[in-house]
Structures are given as structure tokens and as C-alpha cells.
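Step one of this worksheet: look at the structure below.
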Protein chains: 2
Amino acid sequence: MSSSVQRKRIRKSPEARRAEIVATAARIALTEGLECVTLRRVAEELTVRPGLISHYFPSAEDLVAEAFSVAALGELDTLLPQERPDGTPAQYLARYFALSSGEAYDDISRLWINARHLSRYRPVLRDVVTRMELASDDRLEALILDGVARGEFRTDEARSAAIQILVVLDGLGAHANSDRTDRPAAVTRLALSTAERALALPHGTLDAPGATGTLPLDFSPTEAAEAAVPRAAAQAAEAAAAVSAQAAAPEAAASTAAAGA
Amino acid sequence: MSSSVQRKRIRKSPEARRAEIVATAARIALTEGLECVTLRRVAEELTVRPGLISHYFPSAEDLVAEAFSVAALGELDTLLPQERPDGTPAQYLARYFALSSGEAYDDISRLWINARHLSRYRPVLRDVVTRMELASDDRLEALILDGVARGEFRTDEARSAAIQILVVLDGLGAHANSDRTDRPAAVTRLALSTAERALALPHGTLDAPGATGTLPLDFSPTEAAEAAVPRAAAQAAEAAAAVSAQAAAPEAAASTAAAGA
DNA sequence: GATGCTATTGAGTGTGCGACCAATAAGCAA
DNA sequence: TTGCTTATTGGTCGCACACTCAATAGCATC
């Protein structure tokens, strides 16, 4: 009989296999870093041969970009959900800050630092990073506009307020890989105080606990990434369609749009 | 006669050769990125053999760390000089903000993103990054304390103010590799307004031009790095001496301290 | 049960990296 | 001038990577 390794090969549908590859790549990106998203590493994880991965992603750069896209989108959907049925905008904003200072958020910060650096060399990734930054801006702006409409927040420039908050969070997250013990309290609260000032809120309004009401306050970045695979696939297909519609080089987007082929 | 390539080998003093190597590595780090600081790349730049580089840096990781150290220290000395003979603290602070929003500053931001990411995998670099972060905190805190003593600034927590300002600058610099066109004015001014609030300054006090007095407002990151080589060598020797004094493994620091041997 | 499509494998190419080591020669000192 | 120290060379090894392509074998369809 044959040895226990090298099982019988399993032939899956392209859609299923591709989703599996992307989910695995996103998990590796989140836990080990984007440069660990290699054909060999992903293949090993799925116990297939590296050639199979490049069959679905002829250019490895596309896989890395999509891994980041999925991981970041999963995070965004958890931190700033599009639908907010369980509380007020102020509560969701307080929850966002509470989650953004937790341990689990370090994985996210690391991922963003990673992506921002790697995008220096990889144009495809750079585009995805830019798109995800805009998506974050949009999401937070929408939350703020909602709060303004309900009279919870007061600002004339919701988008500017959103970007200011995100810049501060980026600055705080920049140290996710280094030591940042004994930070002064004013530094830890910098994102909150920025929001309070930009949204004309009394000091302490957004501090957890209390401000979040009954909203759940825990999340797992890797689980969020798993859940984001189908959404990201749809988004990628959409973006690719937009590209091929406006540009004369549809094959450039083929590798990210192939999920629906 | 021999061909033009492969000139006669030149034997330099260890100190001179090492300084040359470090300066080259720092320049590569600043312009191309820390992962381009390889034995081969540095050797090629100096037209020597790669083996020579590993003769001075038995572990390549130490070279990368020192390249960052030199580049970052050169930048810091230019942006926030230790001696400030030509103006008031407020003027030097205004100059700092002016320089931090210029084009040349993108190279610095890129370098910091690079180092913060790479330090995830490289402990030696991580230590240097932490040390340079503390050095930045110290430098800005000292400037603020000077301003407080002269009655220009007002704060009870100079260090907290310094860190807040640096966090915001990190956040703004995080996008050095991506698009960040059409940022709202409030975002561009975020570092200034943070400083104004933390130091109890009237709005607009730190805006350039005008606030900087006659201080020079241009600098070249690569030139700053060149000039920092001897200072960084002294600093490295100091740090290494401290290490070997307190720990029982002096050979671990040998590669960075070898300059004085 | 036979057939055809294609998902999947297996093997091989070329590149760049750090690390290692013996041989060589530059330049200083006797 | 001679000799010695060691800075410098040249070559080699093993590893990990992306990419290419012909051969193989699931699995659905007829």
C-alpha cells in the first residue's frame, strides 16, 4: 500500500478551490505577514502542490493583494459594520475605539503597516491599499453622518472628522511591532479626544465601558477574515468589471476576476 | 594590460572601510528600502566583493539595523537639532512641522514604515527602532521643555505632548506609499493643531512661513544620513558597551561595536 | 461504461539570498 | 629589503522563491 502522505488527489470546483486559497492566504497574511503569502506556503497549508496555486493566480502578486483585501475587509466589517441594528452611532463609535485599543487589534495594525510598506514595491497591492483606505474613510464618514442626523454628533465636515480620527488611529497603531509600554493616558486617549473635539462631544462620552451599551466587544481578526471571503470576491469582481469597462486591457484584471469564470 | 574591470585591490583601515559600508547601507536604506540592504548590493556599490561586507558584518541583520540607525539619526538631527542657536523653540517647532510636510519627508516616512514592519521579524532591528523612537520622544520633549522655560509654551506634561505630536506625525506619514491627494485642510494641519492644543498656543502660531523666522527650511535626507555616520558609530559603541557591561554575552554586540576595535 | 474537459501534479529552470572558507596580496614594521 | 598581519578576494554550498509546461487523473456528461 502507498504511504500515508500523498493522498488521492481531490478535484474541486474552481470557485470552491479559489475561495479556499484566498481564505488561507488571508489567514497567513494576518498571522504571519504578507511576505509569507507564497505559492509554497499556501499550497502546503492546503496540502496541494504549489503549481496549483499559480494555476489560480498566475502572478503571485495578485494573490498577495487579494489576501490583504480579504483580511482588511473582514476587519473593517467587524470594527465598523455597515448595518448597525443594535445601538446608536455614538455606541458604535465607542465600540470602535474600544476594539481599536485591544490586543486583537495589534494583528490588524501589523497587517496595515505590512501592506503600506509592501505597497512600495507592488503596484497591485498599492491599489488595493488605496481602495481599502477609501473604504475605511467612507465607512466612518457614514457613521458620523448618521450620528449628525440623529443629533448625537455636531460637525460640518464629517469626512474630515473621519479622516482625522483614522490618521490618529494609524499613528497609534504604528507601534504594533515595537514597545509602547507606559504611554501617557493622554496618548492612549488621543483617538477619543480627537473624535470628541471633531464631533463636539463632551469629554468622556466615547469611553468604554458604558458608552457602548449592549454591543458585543470582542472579535477575532482571523474569523472576520474568513467571513469576508465571499464579500471580497464580489468586491473584486466589481472592481475588475469597472476596470475592464473603462480600460482597454481587460486581461490585466483577469486574475482577480477569475472567480466568476 | 588588464581589462578596466577588476582594478587593483585597495586595502583600507578597518575604521574607514566600516564607515564607508555603513554610509552606503544607510543611503540604500533611505532610497531603496531596508530589504535592499544586502551584502551583494552594498558590495556592488563599493565595488568590492560581498565577502568583504560579511567580514565586517558577520550577520547581515546587524548591518540592516545599523543602516536604519544611521539614516534615522541623521534625519532626527536635521529635523530636531540638539543645538538650537538660530532661533526660539517655537521657531524650531514650526520649522519641524514645515519640514515634516515637505516632499523630502516622504523618504523618511517610508523608511520608518519599512523599519517598523521589518522589525516584526528582526529582533536586532526592533531594538534599534525602539531606541530611535525614544530618542525622538526625548528630543521633542527637550524642545518643549525649553519652550516652557522661556514662557513660549504652556503644559504640565511635556513628554505627553511630545508623544502626542509624534503619534499624529506617524499617522500622517503612514500614507507615504499610497495616494493621499485632496486631504482636507484640517487633516494636513492635524499635527499643528495637536501641538497648539497640547502647548496652549493660539491657532496659527506654528504655521510656516513666518513662524520659522530665518531658520533654513530645506534638507536632504541622504546628506543628513552621511553626516550621521560618525555620530551613529559613537552611539552604537556606547550602546554596545552598555550591553556588554550588563550582560554576559559581549560577543553578541561585537558586530556593531567593532568600529572602535 | 466510455469519453472529454480540465483540475492537479511532477519535474525542472533561473534568480537572489546569507553563510562559509581557503587562498591571496596590500601595506606596515622590523 | 624582508616578513608578518590581516584586509580582501574567489568560489562554493544550501535554501527559498516565482514561473513554465507536459503529463496525469478526477469527475461530470453522455
Side-chain angles (χ1 to χ4, degrees), chain A residues 2-3 5-22 24-25 28 32-67 118 121-125 254-255 258-259 261, chain B residues 2-3 5-22 24-25 28 32-67 118 121-125 254-255 258-259 261:
Chain A
S2 64
S3 74
V5 296
Q6 177 46 25
R7 311 292 303 170
K8 186 166 173 290
R9 64 167 71 168
I10 300 172
R11 186 190 177 108
K12 301 193 173 184
S13 77
E15 301 75 28
R17 186 63 92 182
R18 195 176 197 282
E20 190 177 51
I21 290 171
V22 168
T24 301
I28 294 174
E32 302 171 34
L34 288 166
E35 31 277 279
C36 295
V37 177
T38 64
L39 303 183
R40 282 170 169 74
R41 183 78 187 75
V42 173
E44 180 194 38
E45 202 76 11
L46 295 170
T47 51
V48 296
R49 313 266 70 199
L52 180 59
I53 312 299
S54 36
H55 172 67
Y56 287 92
F57 291 88
S59 165
E61 184 176 354
D62 291 337
L63 175 57
V64 172
E66 192 152 335
L118 212 58
Y121 306 107
R122 310 211 179 182
V124 183
L125 179 61
S255 57
Chain B
S2 65
S3 76
V5 295
Q6 178 46 26
R7 310 294 301 172
K8 186 169 172 290
R9 66 167 70 166
I10 298 171
R11 186 190 177 108
K12 299 194 175 184
S13 78
E15 300 77 30
R17 185 64 89 183
R18 195 176 198 282
E20 190 178 51
I21 290 171
V22 168
T24 301
I28 294 173
E32 302 170 35
L34 288 166
E35 31 278 280
C36 296
V37 178
T38 64
L39 304 182
R40 284 170 169 76
R41 182 78 185 75
V42 173
E44 181 194 38
E45 203 75 11
L46 294 170
T47 50
V48 297
R49 317 268 24 162
L52 182 60
I53 311 298
S54 32
H55 172 67
Y56 287 93
F57 290 88
S59 164
E61 185 177 353
D62 291 338
L63 176 58
V64 173
E66 191 151 337
L118 212 58
Y121 307 106
R122 310 212 179 181
V124 183
L125 179 61
S255 59

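Because only heavy atoms are used, hydrogens play no part in the values below, and waters and symmetry mates are left out as well, while side chains stay in. Order of the sequence lines sets the chain letters (A, B, ...), proteins ahead of strands, with each chain counted from 1.
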Who passes side chain to side chain contact (heavy atoms under 4.5 Å, CB included) against Ala43(A), sequence neighbours left out? Val48(A), Pro50(A), Ile53(A)

Side-chain N,O (His55(B)) to OP1/OP2 (dA7(D)) below 4.0 Å: yes

Describe, as an angle rounded to 10 degrees, how the axis at the first end of the helix from dG1(C)-dC30(D) to dA30(C)-dT1(D) is tilted relative to the axis at the last end, five pairs per end. 10°

Residues in salt bridge (Lys or Arg N to Asp or Glu O under 4.0 Å) contact with Glu35(B), at least two apart in sequence or another chain: none

Which listed nucleotide (dT20(D), dT9(C), dT8(C)) is nearest to the side chain of Val48(A)? dT9(C)

Rounded to whole Å, how long is the line connecting atom CG of Asp62(A) with atom C1' of dC19(D)? 14 Å

For Leu52(A) and Glu61(B), take the nucleotide of DNA chain C holding the closest heavy atom to each; which residue's nucleotide lies nearer the 5' end? Leu52(A)

Between P on dC17(D) and CD on Glu32(A), what's the gap in Å once rounded to a whole number? 11 Å

Would you please name every residue forming a side chain to side chain donor-acceptor pair (under 3.5 Å) with Ser13(A), sequence neighbours left out? Glu15(A)

What residues form a salt bridge (Lys or Arg N to Asp or Glu O under 4.0 Å) with Glu45(B), not counting sequence neighbours? Arg27(B), Arg41(B)

When the distance from CZ of Arg17(A) to P of dC27(D) is rounded to whole Å, what number comes out? 10 Å

Grab the N/O contacts between the protein and nucleotides 13-17 of chain C below 3.5 Å, and write none if there aren't any.
{"residue": "dC17(C)", "atom": "N4", "partner": "Arg40(B)", "partner atom": "NH2", "Å": "3.4"}

Return no unless some side-chain N or O of Arg49(A) is found under 4.0 Å from OP1 or OP2 of dG10(C). yes

Qualifying residues under salt bridge (Lys or Arg N to Asp or Glu O under 4.0 Å), relative to Arg40(A), sequence neighbours excluded: none

Listing time: all N or O pairs from protein to nucleotides 26-30 of chain C that are below 3.5 Å?
{"residue": "dA26(C)", "atom": "N3", "partner": "Arg11(B)", "partner atom": "NH1", "Å": "2.7"}

Inspect the contact between Arg49(B) and Glu44(B) and indicate whether a charged nitrogen and a carboxylate oxygen are less than 4.0 angstrom apart. no

Residues two or more places apart in sequence or in another chain: which of them pass salt bridge (Lys or Arg N to Asp or Glu O under 4.0 Å) with Arg122(B)? none

Phosphate OP1/OP2 of dA7(D) contacted by Tyr56(B) side-chain N/O (<4.0 Å): no

